[in-house]
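Here's the structure we're looking at; comments come further down.
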Amino acid sequence: DTAMLEKTFDPKTVEPRLYAAWEESGAFAPTDNPNAEPFSIVIPPPNVTGSLHIGHALNNTLQDVLIRFQRMRGKAALWLPGTDHAGIATQMVVERQLAEAGNMGRREMGRDAFVAKVWEWKAESGGTIVNQLRRLGASCDWSRERFTLDPGLSAAVRKVFVQLHKEGLIYRDKRLVNWDPHFQTAISDLEVEQKEVDGAYWHFAYPLEDGSGEIVVATTRPETMLGDTAVAVHPDDERYKGLVGKMVRLPIVGRLIPIVADEYADPEKGSGAVKITPAHDFNDFQVGKRHGLEAINILDAYGKINENAPEAFRGHDRFAARKMIIEQFEALELLRGIEKTRHQVPHGDRSGVVIEPWLTDQWYVDAETLAKPAIKAVEDGKTVFSPKNWDKTYFEWMRNIQPWCISRQLWWGHRIPAWYGPALSTDGDLDYSESALQIFVAETEDEALALAGAHYAAQGYDKRVRVLGSIQECRDGELQAGNELGLFRDEDVLDTWFSSGLWPFSTLGWPEKTSDLERFYPTHTLVTGFDIIFFWVARMMMMGIHFTGEVPFQRVVINALVRDQTGAKMSKSKGNVMDPLVLIDQYGCDAVRFTLTAMSGQARDIKLSEQRIEGYRNFGTKLWNATRFAQMNGCIRVEGFDPGAVTQTLAKWIRGETAKTAAEVTAALEACAYDEVANSLYRFIWNVFCDWYLELAKPILNGSDEAAKAEIQATTAWVLDQCLLMLHPVMPFITEELWEKTAEEGPARAGFLMSEQWPSYPADYIDGSAQAEIGWVVDLVSEVRSLRAEMNVPPGARIPLTLAGAGEEAASRLDRHRDLILSLGRLQSADLGEAPAGSVPFVIGEATGSLAVADFIDLAAEKARLTKEIASHDADIERVNRKLGNPDFLAKAKEEVIEENRTKLADAEAAKAKLGAALKRLEGVS
RNA sequence: GGACGUGUAGCUCAGCGGGAGAGCACCUCGUUGACAUCGAGGGGGUCACAGGUUCAAUCCCUGUCACGUCCACCA
């Protein structure tokens, strides 16, 4: 004897228990059956500092739905999880913690101690998000969990760097970078966010050296004038023709700078003359190059004015300096105007401070070269985007790609495997000046030493070469005495996205030829957000193709952005964030997952409302109670039950509906049409199985025909199992729990639901005549219910139904299902016969049904109803007649469309005639 | 400036060449054992606007308007 199911499902106790059981059993790992086809996805590694937000919840739910589906299909399904070391983000977190705890800062602490602190932090807090993924039910293979700073992944990073350097695809260059004065590091173009802010154009007059006048320039960044080295005008600008080649005296600074002619100057803008600051503006840098101008860097790493500016400004922040400059221009009576404006200003996406273009040496990847095969792979369909249109975004960026600055002046990350040594001057001195340094790129220090040794030996240097801690140590000491030569390693680390770019193959063991790499690379599907197509997807494509010769994934499924119910982006500052963990606590994980799945349409953002989650929580409850109903009615699974052999129409019908649903859901899952997956399941389980099948089954389950009852019991149990199987990928917990609960009776279960086989049925499970027959019963009952409600017939009143004009089939259907029709329609009788007086008619197929509701009938209301129905048929008739009367339509439309319209016309006319007759009778009565 | 996307019921969205759909909300009715986290019924839309293609347009094309996002640029 088994315990009855509780009235509702209790996610709080069930979820942790089931997850632990799954994980412990090893069910998340891919099967080791060598014949199983591999299916792999790699997780977009969340930042190790992260905590699960709603976007993660969506992205990982979709991945889990996919991987659970493929696993059930018998694939060797691998979902490889891991986290990203997240350079800036993590360094930020730990620095903030140090500050809050009143500890010394990272610079006082020193690099090694600080990095050790970060590792310590990672060991304590780095697992947060990984455990939150478990709460989401994510069936990742945790035994393969990776971290971007793992030894294996770090080795992959070094190998990639060295090889690309050898190939000339990584190089060091001095050019303008986006400099973040808060973090004092370079950042890539992608990490720069343009924000619109209030600003102004300040119009400054620069006096001509010869005293013959002035030239006016405008700027939004007055402080940069400290670094001006020219004024440019357009070569065709008549106003300035005579001035080109003359010199102006830069106010405040006193420097003489030339007026140059350059097409960059736009005569339409401002005065047509533009100040040129090559060291602090990307466009000006190019102008400077063309005219051989000096690039004077006036900022230090903190964004303060440096020693290249007049003393009064030194040490002042750029914005303070801006004010000072404006004041001085005003005082000098050289301020020619202020024009308020709103304009886009670059900000650091992490720091939020204004980014400065700054001239430094950095490492770059030749992205243009790497992008070519990556573009081609998508053009050739080796990797496809879903929805397809995202490939446009990908192409757009890839075809205009710029060199990728990969060095970061941070401590947390992969340190760049480059060592520097001095140049040897002819007299044997070691020259450690910046421009003279020799670069040795190698995977290890020993290799770098060997490279350097060979390099210097070739120049006749025969002393020892060794690695020291810094350039300072190299310059100091007795090295210069000529006894030995010091190398020092690059201080910088790599952009975090450099290692993420290797993720699909580095996590599988590359560069070792591991069996995982062999089996699971290329991965099948990447599920990710569009916001990281550039950051991540593009880079994986470039790196994957370059280093493995194959695309890293066959399909990129782009999921939407989750917004709040008003459509606003969720952000902590707006206070509109929905914490998925709170929602899981409140509604259960399955409800949250189902909601995200159902809302995951293709081309738009998801506006999430709690009501929606509540609704899907109710859906879970509905399934739970359907199971409870089945249990109470002895619907126990039967060993060897063959759904193909059922005899009753009702059983055949639900078998067919189940098969139809399975086909729909399978197709939708294959296409990653997640909303269709959810909607198909919802409709089938609630509207078909619960609303109709179980209601239709009740009379049989309560009846005395034991054979019929047994078949329905077995069928019901079977359908429920199919529901659990199909719903499992989306709602893993409640389905697994029901699987377990229903295992207590009937034949033993093999194991977890999650490890079961995905359903697929023979085509003949769908029986056309059963479909038609139950469809007819459903229509009949619906008509009866509708009329009763409209006529305000009291729910308890049992009324007679007659069917006139019924054909043989309808008559026999009525006979076969009379009990059902009586109970579902709350009827007294249901027989063939003419409509009695005081009855209301409805049309069912070729027949006319009549409900004898004389006691409740409201003549006026009934007339109105009939008139309205007739009018609606009339509208149909008119529209279809117009079509059929059009010779072009008859000549050009497809035959089946014409036939369809003829049928439609006949049906509408017949229905109209029946209702018209009834209306006439009614009018006769009154 | 460029690209992409979106305008369908009060709300959120599906449909996308031949009869306007779902969920929620709303209204009416219903508590004697699956489920009130429920059941039955119902109202509600010139499918943004204007042209065009077609026998036929919510659906395809062009344009307009509105909204969103991304990229670039603005001395």
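A note on names: the letters A, B, ... follow the listed sequences, proteins ahead of strands, and every chain is numbered from 1. Keep in mind that what you see is a predicted model, and the values were worked out from it rather than measured.
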Nearest to side-chain heavy atoms of [X], which nucleotide of [options]:
X: A/N283; options: B/C73, B/G23, B/G19; result: B/C73
X: A/K883; options: B/G18, B/U37, B/A75; result: B/G18
X: A/T8; options: B/G41, B/U69, B/U37; result: B/U37
X: A/K892; options: B/A34, B/C55, B/G18; result: B/C55
X: A/T621; options: B/U37, B/A40, B/A34; result: B/U37
X: A/D691; options: B/A25, B/C55, B/A40; result: B/A40
X: A/V897; options: B/A34, B/A75, B/G18; result: B/G18
X: A/Q344; options: B/C35, B/A75, B/C73; result: B/C73
X: A/K622; options: B/C38, B/C71, B/C55; result: B/C38
X: A/K868; options: B/G19, B/G43, B/C38; result: B/G43

Quick one: side-chain hydrogen bond (donor to acceptor under 3.5 Å, both in side chains) pairs with a partner in residues 678-698 of chain A, sequence neighbours left out?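 Residue pairs with at least one partner in residues 678-698 of chain A: A/E664-A/S680, A/N687-A/D691, A/Y693-A/T716, A/E695-A/K698.
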Could you tell me how far apart [X] ([atom1]) and [N] ([atom2]) are, to the nearest whole angstrom?
X: A/E695; N: B/A34; atom1: CD; atom2: C1'; value: 9 Å
X: A/N901; N: B/G17; atom1: CG; atom2: C1'; value: 14 Å
X: A/D675; N: B/G21; atom1: CG; atom2: C1'; value: 14 Å
X: A/W397; N: B/C4; atom1: CH2; atom2: C1'; value: 17 Å
X: A/L851; N: B/G41; atom1: CG; atom2: P; value: 14 Å

Any donor-acceptor pair, under 3.5 Å, between the side chain of A/K392 and the base of B/C4, if you only look at N and O atoms? no
Does A/K912 have more than 12 heavy atoms from other residues, nucleotides or ligands lying within 6.0 Å of its NZ?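 Counting other residues, nucleotides and ligands, NZ of A/K912 stays at 12 neighbours or fewer.
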Is it true that, when you exclude A/R826 itself, more than 12 heavy atoms of the residues, nucleotides or ligands shown sit nearer than 6.0 Å to its CZ?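 Atom CZ in A/R826 is not crowded, with 12 or fewer foreign heavy atoms closer than 6.0 Å.
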Among A/F535, A/Y394, A/W390, ring pair (Phe, Tyr, Trp, His ring centres under 6.0 Å) partner for A/F530: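 Single ring pair (Phe, Tyr, Trp, His ring centres under 6.0 Å) partner of A/F530 among A/F535, A/Y394, A/W390: A/W390.
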Measuring to OP1 and OP2 of B/G42, would you say a side-chain N or O of A/S786 lies under 4.0 angstrom away? yes
Can a side chain N or O of A/Y264 be found less than 4.0 Å away from OP1 or OP2 on B/A75? no
Remember a base hit wins even if backbone is also touched, and classify A/F619 as base, sugar-phosphate or nothing at under 4.0 Å, heavy atoms.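 Counting heavy atoms under 4.0 Å across all strands, no contact is made by A/F619.
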So what is the 5' to 3' dot-bracket string for RNA chain B, if pairs are Watson-Crick or G-U wobble with both distances under 3.5 Å, crossing pairs use [ ] and | means the partner sits on another strand? ((((((((.[[[[.)..(..]]]].(((((.......))))).....[[[[[..)....]]]]])))))))....
